[in-house]
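Working notes, structure below.
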Amino acid sequence: MTAQADVKRYELLIGGEAVPPGGGAYSSIIDPSTETPIASVAQGTAADVDRAVQAARAALKPWNAIRASERGRILMRFAELMRTHQDEIAAVESLDAGKPISGVRRQDVPAAIDTLAYYAGWCDKINGQVVPARPDALTYTVREPVGVVAAIVPWNFPLMIGMWKIAPALACGCTLVVKPAELTPLSALMLGRLALEAGVPPGVLNIVTGKGSVVGDALVAHPGVDKVTFTGSPSVGRGILQGAAVNFKRVTLELGGKSANVIFADANLDQAARAAASGIFFNAGQVCSGGSRVLVQRAVYDEVVERLAQRAKAVTLGDPAQKETSMGPLISAKQMQSVLDYVDIGKREGASVVSGGRRWGERGYFVEPTVFANVEHEMRISQEEIFGPVVSVIPFDDEADAVRIANGTLYSLAAGVWSADIGRVHRMASALKAGTVWVNTYGYTDVRLPWGGSGDSGFGREHGDVAIENFTEPKSVWVSLAQ
Ligand code: NAD
């Protein structure tokens, strides 16, 4: 894509400076709701990545020379600056990613600020231990920063997921090169500038925009990068894991999902259907933990299908900047086509569309909220991640049947259970293969609770104290006490 003359141009952020890309190329960023260019963003090269990694390496020493409590104050100032600029950040994120502004204000921005403030509090609490190994030695551990971190971020929650990586890495004394998704780089660039304003030293947080196959690849291959934290698709994740082997980089992978939301006949069906609908239609279904499979006990199957169809029809599609809009477009023409292709696949497989199923409007990448009934577990629409507003409603007979279906995909990121039976919900929470299980609710995340999955959903966890382990290396120290 070529740069547009009439939109703002954004450079790379390396070593605290706005730097033009080595190759001189810029790409147009498109508003997915209108298909018009909104910005022109630098396309980084492998040489730019090298410069950014060197800047990050050089910044490790000054960043760790700052007292931990002061580092915490700097990060808290960064969080306060985000709060001061929250309207601007929300507007940029909404425009760039096509997210309804009300949702960005309610969720993405507050969650990103909360994440930063939470890890600001960790800075001076990253302790080692004195371990009494033997009487003639003082033996203790310290936790040291992993080093330079490459953070590779997807387009569905650019700000929030970006911060899930940036905040704990900074708290642990690491420095970063962040690669935002090519389609949604604007909020990361804002964060880079705010961090500098807050007092984060130049070079600690570098932002290199551009293609995954160029910038992402170069980061993964770079010997100066110590850790890669990645959120994105399983196929790219697999390549990253292989590429990171070159210098045995540490890797955390948050990949896809095909989460099951299991509704038993004794559940509060009104609440369950409402949460199941928002669990898949929120962010136009572009959510790794979206409840894309709703499993319903046979006795209430028709009723739940009907309730879901009604809720799908009540979704307000439209301009993400309007506060009454509840669902925006998909991120790109390619993503829209992929979702529509899945609708065709579902129909050919014999499932029935009871609501939606088509493109909405002629401008923007909108797809109607779509409910598929009569879905069988083996169908592709029940097994593969669609990453759009499409839900497969699957009947089941009893608990064992529900567990078999829910656990019967390659993914295991999240799951939901709806039932009034307290014993059953605990049995299900134990039996479901998932990193997170929601009971009589769906979709919440909080930085204090571990987040991640296994299998094709990746490995490792973000959030909480687990993330502190992700970004530090323990060191054991032996001091002889022998006379
Ligand atoms: P993607 O894998 O295409 O891209 C993710 C990031 O990787 C982008 O920044 C991209 O530019 C970069 N990238 C692409 N090719 C690369 C390469 N060869 N080397 C290094 N980096 C490369 O994913 P996406 O389409 O942006 O996001 C959607 C996917 O992300 C879905 O599968 C979704 O389930 C997953 N996701 C998972 C979580 C989670 O927490 N588990 C959260 C959000 C999204």
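Whatever order the structure lists them in is the order used to number ligands and atoms, beginning at 1. Numbers here simply count residues along the sequence, with the first being 1.
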## Note on the structure
Residue, atom and distance of the protein heavy atom nearest atom 44 (C) of ligand 1 read Asn156 ND2, 3.2 Å
### Query
Is a donor on one side and an acceptor on the other found under 3.5 Å between the side chain of Ser40 and the backbone of Lys8?
no
### Query
Strictly under 4.0 Å, does any heavy atom of Phe157 approach an atom of ligand 1?
no
### Lys99 NZ/CZ over Phe157 ring centroid, <6.0 Å and within 45° of normal
yes
#### Entry: Atoms in ligand 1 flagged as close to Ile161, the criterion being non-hydrogen separation under 4.0 Å
42 (C), 43 (C)
### Task
Can you establish whether the number of heavy atoms outside Glu376 located under 6.0 Å from its atom CD is more than 12?
no
### Message
As an exercise, identify every atom of ligand 1 less than 4.0 angstrom from a heavy atom of Cys288.
### Response
34 (O), 36 (N), 37 (C), 38 (C), 39 (C), 40 (O), 41 (N), 42 (C), 43 (C), 44 (C)
### Query
Identify the closest protein heavy atom to atom 11 (O) of ligand 1: which residue and atom is it, and at what distance?
Lys179 NZ, 3.0 Å
### Summary
In ligand 1, the atoms that come under 4.0 Å of a heavy atom of Trp451 are 40 (O)
#### Entry: Test item: Asn283 side-chain N/O and Asn156 main-chain N/O as donor-acceptor pair under 3.5 Å
yes
### Query
So which of Phe230, Tyr411, Trp155 gets nearest to atom 7 (O) of ligand 1, if we judge by its closest heavy atom?
Phe230
### Task
With atom 16 (C) of ligand 1 as the reference point, say which of Gly162, Gly212, Ala150 has the nearest heavy atom.
Gly212
### Task
Determine yes or no for a side-chain-to-main-chain donor-acceptor pair under 3.5 angstrom, with Thr370 supplying the side chain and Glu368 the backbone.
yes
### Query
So, does Asn206 use its side chain to make a donor-acceptor pair with the main chain of Gly203 at under 3.5 Å?
yes
### Query
Looking only at atom types and distance, does a side-chain atom of Asn407 sit under 3.5 Å from a main-chain N or O of Ala431, one as donor and one as acceptor?
yes
### Task
Could you check atom 21 (N) of ligand 1 against the protein and tell me its nearest heavy-atom contact, residue, atom and distance included?
Gly216 CA, 3.6 Å
### Leu255 neighbourhood, listing ligand 1 atoms whose heavy-atom distance to it stays under 4.0 Å
34 (O), 35 (C), 36 (N), 37 (C), 38 (C), 39 (C), 41 (N)
### Any donor-acceptor N/O pair, His222 side chain to Val49 backbone, under 3.5 Å
no
### Task
Using a strict 4.0 Å cut-off to heavy atoms of Pro180, name the atoms of ligand 1 that fall inside it.
9 (O)
### Query
Counting only heavy atoms, which portion of Val215 has something under 4.0 Å from ligand 1: side chain, backbone, both, or neither?
neither
### Query
Quick one: does ligand 1 sit under 4.0 Å from the side chain of Ser457, the backbone, both or neither, non-hydrogen atoms only?
neither
### Message
Could you check, using the six-membered ring where one of them is a Trp, whether Phe471 and Trp122 have ring centers closer than 6.0 angstrom?
### Response
no
### Query
Of all the non-hydrogen atoms in the protein, which one sits nearest to atom 28 (C) of ligand 1, and at what distance?
Phe387 CE2, 3.5 Å
### Message
Closer than 4.0 Å to some heavy atom of Ala181 - which atoms of ligand 1 meet that?
### Response
8 (C), 9 (O)
### Task
Determine, for Glu462 against Lys165, whether the closest basic-nitrogen to carboxylate-oxygen distance falls under 4.0 angstrom.
yes
### Message
Please compare Gly232, Ala151, Gly256 and report which has the shortest non-hydrogen distance to atom 35 (C) of ligand 1.
### Response
Gly232
### Query
Taking atom CD of Glu378 as the centre, does the number of heavy atoms from other residues, nucleotides or ligands within less than 6.0 Å exceed 12?
yes
### Which of the ligand 1 atoms, numbered from 1, are nearer than 4.0 Å to a heavy atom of Thr231
5 (C), 36 (N), 37 (C), 38 (C), 39 (C), 40 (O), 42 (C), 43 (C), 44 (C)
### Task
Describe, in one word, how the ring planes of Trp360 and Phe366 are oriented to each other, choosing from parallel (under 30°), tilted (30 to 60°) and perpendicular (over 60°).
perpendicular
### Task
Using a strict 4.0 Å cut-off to heavy atoms of Leu413, name the atoms of ligand 1 that fall inside it.
41 (N)
### Task
Can you confirm whether something in the protein, heavy atoms only, sits under 4.0 Å from atom 4 (O) of ligand 1?
no
### Query
For atom 27 (O) of ligand 1, what's the nearest protein heavy atom and its distance?
Pro154 CB, 3.5 Å
### Query
Can you tell me the protein heavy atom closest to atom 9 (O) of ligand 1 and the distance?
Val153 O, 2.7 Å
### Query
Can you tell me if Gly453 has a non-hydrogen atom under 4.0 Å from ligand 1?
no
#### Entry: Part of Ile152 within contact of ligand 1 (heavy atoms, under 4.0 Å)
side chain
### Query
Got an N/O contact under 3.5 Å between Gly210 and ligand 1?
no
### Query
Should the pair Arg311 and Phe281 be classed as cation-pi, given the thresholds of under 6.0 Å to the six-membered ring centre and 45° from the axis?
no
### Query
Under 3.5 Å, is there a donor-acceptor pair linking the side chains of Ser338 and Asp341?
no
### Query
Out of curiosity, Gln383 CD to His377 NE2, how far, rounded to the nearest 0.5 Å?
5.0 Å
### Message
I need the nearest protein heavy-atom contact for atom 18 (N) of ligand 1: residue, atom name and distance, please.
### Response
Asp217 OD1, 3.2 Å
### Message
One thing to verify: whether Arg250 and Glu473 come together as a salt bridge, which I'm taking to mean a side-chain N less than 4.0 angstrom from a carboxylate O.
### Response
yes
### Summary
Honestly, for Glu385 the part within reach of ligand 1 (heavy atoms, under 4.0 Å) is side chain
### Closest protein heavy atom to atom 1 (P) of ligand 1, given as residue, atom name and distance to 0.1 Å
Ser233 OG, 3.5 Å
